[in-house]
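Remarks on the structure that follows.
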Amino acid sequence: MVSARHVVLLHAFPLHAALWRPQRDFAPPGWRYNAPDFPGFGASSETAVTSMDAMAESVLRTMDGLGIERAVIGGLSMGGYVTLALYRMAPERFEGMILADTRATADNDTQKEARRKMIATVREKGSSAVADEMLPKLHGARSQRERPELAEAVRGMIVGNKPASIAAAVTAMMDRPDSTSMLASISVPTLILCGEEDVLTPPSDAEALHTGIPDSHLVLLPGAGHLSNLETPAAFSTAVKEFLVPLKS
Ligand code: MLT
């Protein structure tokens, strides 16, 4: 009997594992998708953590608990930051990598200042204030025009997360290291995806990842913004499927 191979998908900020619902039924034969919540997010009862390394360790614990030795591991945006931290920590657990709507660079001073403001906002006004601030940037222009129901679904995920967990993740993102210098050392096949209308991590960030990672393939998704897997689910899932099928065991 051939055992299933695994894809582990890590969610964006300030969402939770339900982000990956559109991909749940798209696994090619022989592959199984797993989408854990980071500590403190979604259905997790753990206390939220304040570093990318601690988030990466939580993913390793999840994989260990499920008996997953190696997997194609990937994430969208913050999930991509954690994926890079995890590769730094345990490259032997990767069979391949997926980086969606994310970047290798660290925050600059302006971005760090915006993070500090967001921590204050979520502490004073709660998760819905973060939803108000982020929603206009999460979806591309076409989704905002043609799929207004997505915004409600995403708002539901954001307000379902505790303010303390959101603040912890902002701290983790603000303090994350620059991963640019490690890109050349990534030795597993890597799929890079990005919505063409992504204003948070624009296609230029995806192109930089593609330039830096030797065995990488870049797919730009027309009509998608930052949450490309939700906005253009069929195109996203097809690209992932086409990436997985030829991977050798
Ligand atoms: C995310 O979608 O995970 C965040 O927008 C990433 C970030 O703020 O850097």
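Because only heavy atoms are used, hydrogens play no part in the values below, and waters and symmetry mates are left out as well, while side chains stay in. Order of appearance sets the numbers: ligands from 1, and atoms from 1 within every ligand.
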Short N or O contacts of ligand 1 with protein, under 3.5 Å, listed by atom name?
unit_1, atom_1, unit_2, atom_2, d
ligand 1, 2 (O), F13, O, 3.2
ligand 1, 2 (O), S77, OG, 2.9
ligand 1, 2 (O), H226, NE2, 2.7
ligand 1, 3 (O), F13, N, 2.7
ligand 1, 3 (O), S77, OG, 3.0
ligand 1, 3 (O), M78, N, 2.8
ligand 1, 8 (O), R115, NH1, 2.8
ligand 1, 9 (O), Y81, OH, 2.5
ligand 1, 9 (O), R115, NH2, 2.8

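Defined by atom type and a distance below 3.5 Å, a donor-acceptor pair is missing between the side-chain atoms of S51 and D53.
Between Y87 and F94, the ring-plane angle classifies as perpendicular under the 30° and 60° cut-offs.
More than 12 heavy atoms of other residues, nucleotides or ligands lie within 6.0 Å of NZ in K112, so this atom counts as buried by the packing criterion.
Remark: side-chain polar atoms of N34 are not paired, donor with acceptor, to backbone N or O of L9 under 3.5 angstrom.
The aromatic ring centroids of H11 and F41 lie less than 6.0 Å from each other.
Between E46 and R61 there is a salt bridge, since a side-chain N of the basic residue sits under 4.0 Å from a carboxylate O of the acidic one.
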